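Following: one structure in structure tokens, then a few remarks.
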Amino acid sequence: MSFQHIFDTYSWDDTRASIYAKTARDVEQALASRKRTPEDFKALVSPAALPYLEEMARLSSQLTQKRFGKTIQMYAPMYLSNECQNICTYCGFSFDNKVKRKTLNDAEILQETGAIRQHGFNHVLLVTGEANHTVHTAYFKHAVELLRPHFANISVEVQPLDTDEYKILHEAGVYAVLVYQETYHQDVYKTYHPKGKKSNFGYRLETPDRVGEAGLHKIGLGVLLGLEDWRTDSFFCNLHLDYLQKTYWQSKFSVSFPRMRPAEGIIEPNVIVSDKELVQLICAYRLVNEDVELSISTRESEHFRNNIIPLGITSMSAGSKTNPGGYAVEPQSLEQFEISDERRAEEIARLISRSGYEPVWKDWDNALL
Ligand code: SF4
């Protein structure tokens with residue numbers, strides 16, 4: 001049994017049609033419900049819910065405070081490599097983009113570590129492209145062992161791996177694995193991923209199952225907002241989350257909201273997700289799920305990030321560099337995507353405090369395991 005079995009019982013077109021058919025009455029029922037269902041999620045992300053955004057935001061804020069208090073977890077991504085054998089039409093690191101490739105060595109990883117730690121971060125997210133000959137499980141394990149003395153919490157966002165490989169990373173001290181399906185629209189998935197292992201929709205879809213089987217503490221999901229209809233994609237992502245939470249109940253879960261940003265050689269967004277719609281989506285996740293962590297990155301604008309803090313999110317990156325060596329080794333190299341909010345971590349921490357929330361730099365310590 002895996003999520004594939006559930007996914008196969010749904011049709012993209014029928015699901016999309018049923019979301020767009022939701023009415024004000026469906027939204028009101030969803031808002032009044034004590035235990036919200038995937039059908040309620042459809043209503044809450046539907047166009048019919050937009051006039052109810054203020055109420056959704058109020059409820060989302062209350063539920064988030066009840067479960068998480070007034071806290072925002074701070075983390076920084078560390079890009080270890082931009083080598084990639086895949087072609088993804090929306091990514092600056094795509095195999096067919098003629099950019100200088102780089103994979104950090106030990107000395108460079110430690111140099112980046114020093115720069116990130118200087119800003120106060122204790123939680124780091126290691127990111128790579130998919131280049132199995134250079135950036136593989138042994139490389140990740142070694143990097144994690146190198147970083148363990150310096151960071152309390154290490155997560156990874158790398159290519160999908162097998163269960164045994166995830167077990168190795170878990171034992172090495174990895175706390176969370178983030179893997180985004182990008183789009184759940186199986187018929188068009190291949191047009192965005194024409195070459196490389198990532199073009200295998202099913203293997204990617206079952207990745208969170210393998211992460212769960214390996215016993216990781218946290219599993220992160222998401223879709224790339226801008227590829228396909230965001231409402232339908234998010235319905236499937238929420239369905240996936242619902243299945244995983246029931247199946248791997250020992251693990252925690254997070255959802256991220258990457259909205260397409262400019263990068264070298266990428267396609268324009270197919271679908272524009274407005275700021276208002278992104279708020280609606282964040283609130284909809286919170287209203288159906290009190291426990292899920294919701295994360296916003298520096299892809300988003302200063303204005304958006306200034307205002308989203310009290311509305312349901314629980315973690316934020318800050319001062320991010322999306323190129324390997326971007327903090328200290330090679331600050332001028334090409335980024336995976338352009339950062340929108342370029343403010344330093346210290347400034348974001350002050351913003352969080354001014355909003356009445358506490359920036360949390362550390363709430364976990366690998367050293368105590
Ligand atoms: S999205 Fe990931 S897998 Fe695709 S080209 Fe970019 S780095 Fe490679």
Side-chain angles (χ1 to χ4, degrees), residues 77-104 112 124-137 139-140 143 155-162 165-166 169 176-186 188-208 210-211 219-228 233 237 255-271 295 297-299 317 320-326 330 333-339:
M78 186 197 292
Y79 278 66
L80 296 177
S81 174
N82 65 358
E83 291 190 61
C84 193
Q85 294 155 345
N86 292 329
I87 293 181
C88 300
T89 55
Y90 47 80
C91 177
F93 295 167
S94 186
F95 177 74
D96 54 346
N97 278 349
K98 300 285 169 262
V99 296
K100 193 178 156 211
R101 304 290 170 168
K102 179 166 187 63
T103 296
L104 300 187
E112 291 289 278
V124 71
L125 170 66
L126 306 182
V127 187
T128 69
E130 179 158 359
N132 293 301
H133 57 290
T134 44
V135 191
H136 36 55
T137 304
Y139 175 87
F140 302 137
S155 302
V156 298
E157 187 184 331
V158 301
Q159 73 268 33
L161 301 170
D162 292 334
E165 295 175 303
Y166 284 128
L169 296 188
V177 172
L178 278 54
V179 58
Y180 307 147
Q181 187 61 29
E182 316 295 12
T183 179
Y184 288 82
H185 195 341
Q186 190 164 5
V188 299
Y189 179 86
K190 189 118 184 158
T191 60
Y192 295 115
H193 309 100
K195 180 185 175 297
K197 283 185 82 174
K198 194 164 174 179
S199 57
N200 186 336
F201 179 89
Y203 185 70
R204 195 166 188 87
L205 191 71
E206 295 196 327
T207 303
R210 298 193 298 279
V211 179
I219 305 171
L221 305 179
V223 296
L224 183 54
L225 299 168
L227 288 186
E228 288 299 313
D233 254 333
C237 188
V255 172
S256 303
F257 302 91
R259 255 197 302 191
M260 283 178 75
R261 293 278 307 150
E264 183 102 339
I266 67 157
I267 55 168
E268 288 293 310
N270 185 26
V271 175
S295 182
S297 79
T298 52
R299 281 177 186 253
S317 54
S320 302
K321 304 294 176 194
T322 67
N323 41 338
E330 266 186 40
S333 60
L334 183 84
E335 295 183 317
Q336 186 186 33
F337 55 85
E338 274 179 30
I339 295 302

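Every number for a ligand or one of its atoms is a count from 1 in the order of the listing. The chain is numbered in sequence order, starting from 1. Note that this is a predicted model, so its numbers are computed, not measured.
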side-chain hydrogen bond (donor to acceptor under 3.5 Å, both in side chains) with Gln85: which of Glu130, Lys197, His133?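 One option only clears the test, and that one is His133.
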Heavy atoms only: which of Gly129, Ala131, Ser94, Gly92 is nearest to atom 7 (S) of ligand 1?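 Considering heavy atoms of Gly129, Ala131, Ser94, Gly92, the nearest to atom 7 (S) of ligand 1 sits in Gly129.
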Atom indices of ligand 1, in the order listed, that fall short of 4.0 Å to a heavy atom of [X]:
X	answer
Asn86	3 (S), 5 (S)
Lys198	1 (S), 3 (S), 4 (Fe)
Cys91	1 (S), 5 (S), 6 (Fe), 7 (S)

Identify the two heavy atoms, one from Val127 and one from Pro77, that lie closest to each other, and give their separation to 0.1 Å.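 Of all heavy-atom pairs spanning Val127 and Pro77, the closest is CG2-CB, 4.3 Å.
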Heavy-atom donor-acceptor pair, Tyr166 side chain to Leu161 backbone, under 3.5 Å: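 Yes, the answer is positive, given that a donor and an acceptor are paired below the 3.5 Å cut-off.
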Quick check: does Cys84 put an N/O/S atom under 2.8 Å from atom 8 (Fe) of ligand 1?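 It does: Cys84 brings an N, O or S atom closer than 2.8 Å to atom 8 (Fe) of ligand 1.
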Just do the ring pair (Phe, Tyr, Trp, His ring centres under 6.0 Å) check on His193 and Tyr90 with the steps written out, would you? CA-CA 9 Å; His193 309 100; Tyr90 47 80; 5.4 Å; yes
Ring of Tyr203, cation from Arg210 - is the NZ or CZ under 6.0 Å from the centre and inside 45° of the axis?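 The answer is yes, since Arg210 meets both limits relative to Tyr203.
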For atom 4 (Fe) of ligand 1, what's the nearest protein heavy-atom neighbour? Residue, atom name and distance, please.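 Result for atom 4 (Fe) of ligand 1: Cys88 SG, 2.3 Å.
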